[in-house]
Amino acid sequence: MLKKVLSIALLSVALTACGSNFKETTTRSGSSSTSFATEQTVSNENTAQQASTSEVTDKEYIFAEFLKDGTPVLTEDQASMGQTSYDFIAKNSDLFPSTDKSKVINLVDKSVTTKHLNKNLNLYLNKFVKISGDVIDIEEDNIPIGTTAIVYISDENDNTVMAVYPGASGEIFEGDVATVIGVPIANFSYENVSGGYTNTTLLAASFLAKENQ
């Protein structure tokens with residue numbers, strides 16, 4: 001068993017202040033697209049078009065923005081989210097989460113394993129990867145972006161991933177075997193119960209399910 005880096009409750013508290021900034025994401029990350037849309041609107045529809053664009057952009061960037069703010073918290077300031085991962089999550093925002101495996105399984109780079117992620121994560125920051133293994137810890141709670149689960153999975157190579165899934169985890173519990181599909185964000189390490197450190201990869205999870213479900 002691992003020694004938890006932190007609980008979802010701690011993450012929620014740390015990011016509560018960030019929640020008020022989610023609707024400002026267009027200014028920080030989507031200003032060019034918003035500006036373009038605004039220039040295309042006719043004057044008599046300007047207000048309605050701006051409201052519509054703002055709403056769509058908020059939905060597109062909210063999980064990416066959440067993880068951008070949350071990555072230092074989750075990794076105990078060992079890592080931050082890069083622009084490549086951020087842009088990939090925003091571009092595929094409709095897949096975070098996806099309860100339909102068929103929508104994402106064909107997007108997975110099946111050649112990538114945790115060994116590849118540990119060796120050179122930068123090669124896979126814009127790719128979906130699929131990791132299966134034992135659930136060594138899982139927790140779930142309602143936080144500012146909605147129900148969110150954090151699950152640690154140890155694969156057949158005894159390598160660990162920490163997946164943040166923006167949805168309910170269902171009937172997945174510690175000791176189960178589960179599969180996660182997601183995009184890598186960062187590598188970091190956490191202290192385990194033996195007093196040593198375990199290397200792991202933080203994933204933004206698109207799909208999460210118990211094996212044989």
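Quick caveat: nothing in here was measured; it's all calculated off a predicted structure.
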Contact between Val164 and Leu67 at the side-chain level, heavy atoms closer than 4.5 Å - yes or no? yes
Taken to the nearest 0.5 Å, the spacing of Lys103 NZ from Asn92 CG works out to 13.0 Å
Assess the side chains of Ser98 and Asp100: does a donor N or O sit below 3.5 Å from an acceptor N or O?
no
Separation between CG (Asp137) and CE (Met162), nearest 0.5 Å, reads 9.0 Å
For Ser93 and Glu60, the nearest pair of non-hydrogen atoms, with its separation, is CB-O, 3.3 Å
**Study point:** Side-chain heavy atoms of Tyr152 within contact of Tyr190, under 4.5 Å
**Key:** yes
Taken to the nearest 0.5 Å, the spacing of Ile172 CD1 from Glu174 CD works out to 13.5 Å
To the nearest 0.5 Å, atom CG of Leu117 lies from atom CG of Leu203 at 7.0 Å
Would you say Asp134's side chain and Ile136's backbone share a donor-acceptor pair under 3.5 angstrom? no
Can Thr179 and Ser132 be counted as having a side-chain donor-acceptor contact under 3.5 angstrom? yes
| Do the side chains of Asn157 and Lys115 get nearer than 4.5 Å, heavy atoms only? | yes
Q.
Just by distance, no angles: are the side chains of Asp155 and Thr114 close enough, under 3.5 Å, to form a donor-acceptor pair?
A. yes
Donor-acceptor list for residues 121-130 side chains, cut-off 3.5 Å, not counting sequence neighbours:
none

Rounded to the nearest 0.5 angstrom, the CD1-CD distance for Ile150 and Glu140 is 10.5 Å
